[in-house]
Amino acid sequence: MTYNINDKGYYGEFGGAYIPEMLYPNVEELRQNYLKIMAEPSFKEEFDQLLKDYVGRPSPLYFAKRLSEKYNTKIYLKREDLNHTGAHKVNNTIGQILMAQRLGKTRIIAETGAGQHGVATATVCALMGMECIVYMGEIDIARQAPNVARMKMLGAKVVPATSGSKTLKDATNEAIRDWINNPVDTHYIIGSVVGPHPYPDMVARFQAVVSEEIKWQLKEKEGTEKPDYVIACVGGGSNAAGAYYHYLEDTDVKLIAVEAAGKGVHSGESAATSVLGKEGIIHGSKTLLMQTKDGQITEPYSISAGLDYPGVGPMHAHLYKTGRAEFVAITDDEAMSSGLELSALEGIIPAIETSHSLAVFEQKTFKPDDIVIVNLSGRGDKDLQNYIDYFKL
Amino acid sequence: MFFKTGTTNKMNRINQKLQENKKLLSIYFSAGYPNLDDTVSIIENLEKNGVDMIEIGLPFSDPLADGPTIQESSTAALKNGMTTEVLFDQLKDIRKTVTIPLIIMGYFNPMLQYGVEAFCKKCQEIGVDGLIIPDLPVDVYNEQYKATFEKYGLINVFLITPQTSNERIHFIDSISNGFIYMVSSASVTGSGSGFGNEQTDYFKRIAELNLNNPQIVGFGIKDHDTFTQATKHAKGAIIGSAFIKHLTQHGAIKIDAFTKSILKA
Ligand SMILES: Cc1ncc(COP(=O)(O)O)c(C=O)c1O
């Protein structure tokens with residue numbers, strides 16, 4: 001059994017490319033070329049160079065002493081929040097912009113929820129001098145205003161998605177429609193390990209740098225490459241995929257995936273896909289998604305725009321189904337208080353998405369000598385207004 | 001090729017219709033729009049007014065290949081209470097009054113949740129002749145579902161676009177047994193302002209491939225002119241968004257005025 005993708009583009013029974021014929025030439029072109037391009041020495045060199053000099057990698061693996069004391073275990077934070085643009089998302093957009101250039105594309109489209117992926121895409125487009133259009137749900141535009149302003153400063157056009165729940169799912173629909181309408185010159189930079197094959201695999205490979213670094217960084221600090229646990233939040237699942245990637249087949253390393261329970265898993269306002277979802281098709285991929293009995297996709301809810309998505313990537317559906325990863329659901333309130341706690345104990349204000357991962361320590365007890373890695377996927381600057389409103393700061 | 005479908009020797013209504021010596025007008029609408037119970041009367045009216053074939057849209061929450069008009073009608077239909085069960089129930093006696101081919105067009109997820117085999121079986125019971133499922137890829141259909149569709153005598157219709165390679169078109173032709181849905185341009189439904197040289201060249205290019213299956217053009221057909229242009233080289237044309245706009249304006253009445261404006265009869 002493998003937990004990674006097979007040569008047909010599936011993780012177990014999940015994945016594939018359930019796309020209209022209009023998208024076939026684009027997706028097929030990418031499928032035929034992505035591994036070849038990623039293996040080219042010149043690609044690797046440029047990717048590594050940009051991650052180092054532009055993004056600021058490697059990101060530190062930080063031993064969180066006070067947090068560890070509080071929960072009586074050894075907690076390391078993988079500091080993706082220190083990346084340029086403030087989250088893990090940029091690892092993927094650097095990779096995909098280089099891919100787009102090699103495929104001869106001149107126009108870039110993207111969807112965004114929290115705005116982190118939109119900012120990361122607008123950033124690499126500015127860097128490469130390429131046209132950039134970002135689709136963003138109307139509701140997310142309102143709750144992530146600083147990121148909207150950043151995208152505009154970076155020269156991107158932000159187009160509101162006004163259908164459905166007006167959040168990430170709908171922004172993704174609009175980006176896909178744009179790609180259908182512009183099949184020749186455009187590359188779609190998907191922001192997570194979702195969408196039709198080869199996207200989940202390609203994005204996971206670009207994010208895999210996270211666990212590649214954790215291995216040698218942990219070796220330096222603890223004399224072992226293997227933590228006992230890796231914890232990451234899951235919207236679509238890209239930061240989790242990156243943090244898990246090099247540990248997928250090593251079952252000594254336990255994986256914990258954290259989903260947004262919103263106002264409570266069964267409150268009707270939740271985004272906890274593993275509990276509430278069923279197998280189906282969303283955005284071109286067979287995976288777990290929240291839907292009605294009739295197969296209509298349900299509108300999710302989370303205080304965190306980046307986790308407010310009714311599906312998970314096919315890798316995570318497989319990790320759930322096989323029991324390889326343990327799935328934990330964290331409510332808005334639990335996440336917010338853990339965000340505040342990290343700020344007070346370690347001087348790090350996390351993104352609300354990331355705050356969900358930290359709340360696991362309130363739910364689950366670890367042994368004193370367990371090494372627990374939390375992927376600190378992003379910083380909280382973009383969420384300041386939400387924290388202010390929530391805590392009446 | 002024609003007799004390969006179904007368990008009986010009876011020719012599928014789609015194949016019969018394709019043999020008629022005329023250009024075919026096919027109309028798409030979202031079931032349950034503008035009102036939940038309009039479905040049957042819209043179908044009956046379309047037949048009465050000379051329409052050759054009907055695509056009944058099974059609404060979906062996230063119709064990726066559709067532009068705003070069909071999206072909005074789908075959303076409204078879902079709000080009205082349309083579901084797969086409701087649609088099948090509305091259509092249960094449709095063959096008592098309607099003889100033209102009926103095709104259900106919808107996205108794959110609702111069919112998957114209903115159960116693909118159960119869905120196909122129900123279609124056969126009702127007298128639905130074919131399916132168009134834009135997000136069911138050709139290879140998945142071929143490997144997993146072809147046998148089931150054929151067992152229930154259903155014709156699956158595939159799409160091609162101006163970007164589809166000749167090699168792939170020939171492959172799609174080889175696994176089709178009705179017609180090929182020729183998407184007029186690189187776009188979602190409901191866009192386009194008439195056909196230019198690019199489209200007419202494409203229509204001609206496809207006609208010259210001499211495919212086994214006739215082609216019916218869809219996307220961007222909205223009036224007499226575009227219908228005439230599209231059917232110059234193809235067997236027929238499908239109108240969706242323009243008809244839905246008519247329904248939005250007038251409700252499920254004056255359908256004769258709409259079809260007359262297309263056919264100029
Ligand atoms: C900081 C941060 N973490 C996590 C996520 C969730 O995405 P994913 O599950 O792909 O990592 C987002 C998405 O916007 C984010 O901005």
Side-chain angles (χ1 to χ4, degrees), chain A residues 8-10 13 15-29 31 161-165 168-186 195-197 278-287 289-299 310-311, chain B residues 58-68 71-72 74-75 78 81-87 106-115 119 132-141 143-144 158-165 168-169 172 180-183 185-192 219:
Chain A
K8 290 196 149 171
Y10 284 82
E13 67 201 90
Y18 293 79
I19 48 169
E21 189 62 30
M22 292 81 110
L23 288 177
Y24 180 82
N26 277 327
V27 172
E28 182 62 11
E29 178 187 34
R31 189 187 69 80
T162 55
S163 59
S165 54
L168 181 53
K169 155 177 96 74
D170 312 285
T172 308
N173 291 342
E174 288 308 322
I176 291 175
R177 289 184 187 117
D178 180 310
W179 211 18
I180 289 175
N181 288 327
N182 297 282
V184 180
D185 62 344
T186 299
H197 177 64
K278 261 182 51 195
E279 288 165 31
I281 288 159
I282 182 170
H283 296 140
S285 181
K286 188 181 260 187
T287 188
L289 62 134
M290 290 163 51
Q291 52 184 315
T292 64
K293 189 173 128 280
D294 200 42
Q296 308 297 339
I297 301 176
T298 326
E299 299 179 1
Chain B
L58 178 61
F60 183 49
S61 54
D62 295 77
L64 290 180
D66 287 301
Q71 280 175 51
E72 281 158 24
S74 299
T75 306
L78 291 172
M82 183 48 75
T83 66
T84 309
E85 299 270 6
V86 169
L87 178 62
Y107 290 80
F108 193 41
N109 197 51
M111 300 180 194
L112 205 55
Q113 301 312 319
Y114 193 90
F119 193 98
I132 304 176
I133 312 164
D135 61 342
L136 173 60
V138 179
D139 54 331
V140 175
Y141 168 76
E143 283 165 27
Q144 296 179 36
F158 297 104
L159 276 55
I160 62 170
T161 81
Q163 271 70 41
T164 312
S165 68
R168 190 164 168 85
I169 292 174
I172 287 172
I180 290 175
Y181 190 135
M182 204 167 130
V183 176
S185 62
S187 76
V188 294
T189 53
S191 36
F219 290 38

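As the structure is a prediction and not an experimental result, all values here were calculated from the model. Chain A is the first sequence line, chain B the second, and so forth, proteins listed ahead of strands; every chain is numbered from 1.
In terms of heavy-atom pairs under 4.5 Å with chain B, the best-connected choice from Gly295(A), Ser163(A), Ala17(A), Gly280(A) is Gly295(A). The most heavy-atom pairs under 4.5 Å with chain A, out of Pro68(B), Ser165(B), Pro63(B), come from Pro63(B). Each of Pro20(A), Gly16(A), Pro196(A) has some count of heavy-atom pairs under 4.5 Å with chain B, and the biggest count is that of Pro20(A). Counting heavy-atom pairs closer than 4.5 Å to chain A, the top-ranked of the candidates Ile160(B), Leu136(B), Thr84(B) is Thr84(B). Residue with the most contacts toward chain A among Val138(B), Thr75(B), Thr83(B): Thr83(B) (heavy-atom pairs, distance under 4.5 Å). Taking Thr161(B), Leu64(B), Asp66(B) one by one and counting their heavy-atom pairs under 4.5 Å with chain A, the maximum is reached by Leu64(B).
Separation of atoms OG (Ser74(B)) and CD (Gln296(A)) is listed at 8.5 Å; rounding is to 0.5 Å. The distance from atom OG of Ser187(B) to atom CG of Asn182(A), rounded to the nearest 0.5 Å, is 10.5 Å. Taken from CG in Leu78(B) to CG in Asp294(A), the straight-line distance is 8.0 Å, to the nearest 0.5 Å.
Using a 4.5 Å cut-off between heavy atoms, Val140(B) touches chain A through its side chain atoms alone. Residue contact with chain A, scored on non-hydrogen atoms closer than 4.5 Å, is absent for Ile133(B). Neither the backbone nor the side chain of Tyr114(B) has a heavy atom closer than 4.5 Å to any heavy atom of chain A. Heavy atoms closer than 4.5 Å to chain B are found nowhere in Ile282(A), neither backbone nor side chain. Residue contact with chain A, scored on non-hydrogen atoms closer than 4.5 Å, is absent for Asp139(B).
No donor-acceptor distance shorter than 3.5 angstrom exists from the side chain of Asn173(A) to the backbone of Asp62(B), with no hydrogens or angles considered.
The closest side-chain heavy-atom distance from Ile297(A) to Phe60(B) is below 4.5 Å. For the pair Arg168(B) and Glu28(A), the minimum side-chain heavy-atom distance is 4.5 Å or more. Put simply, the side chain of Gln113(B) reaches to within 4.5 Å of the side chain of Gln291(A), judged on heavy atoms. Residues Asp135(B) and Ile19(A) have side chains not in contact (no heavy-atom distance under 4.5 Å, counting atoms from C-beta outward). Here the side chains of Glu21(A) and Thr164(B) are in contact, with some heavy-atom distance below 4.5 Å. Looking only at side-chain heavy atoms (C-beta outward), Phe219(B) and Met22(A) come within less than 4.5 Å of each other.
In this structure, Pro183(A) and Ala186(B) approach most closely via the heavy-atom pair CG-CB, 3.4 Å. Across all their heavy atoms, Lys286(A) and Leu112(B) have their closest contact at CE-CD2, 4.3 Å.
Counting non-hydrogen atoms of other residues, nucleotides and ligands closer than 6.0 Å to NZ of Lys278(A) gives a total above 12.
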Residue pair Gln163(B), Tyr24(A): steps toward the side-chain contact (heavy atoms from CB on, under 4.5 Å) verdict: CA-CA 9 Å; Gln163(B) 271 70 41; Tyr24(A) 180 82; over 6 Å; no
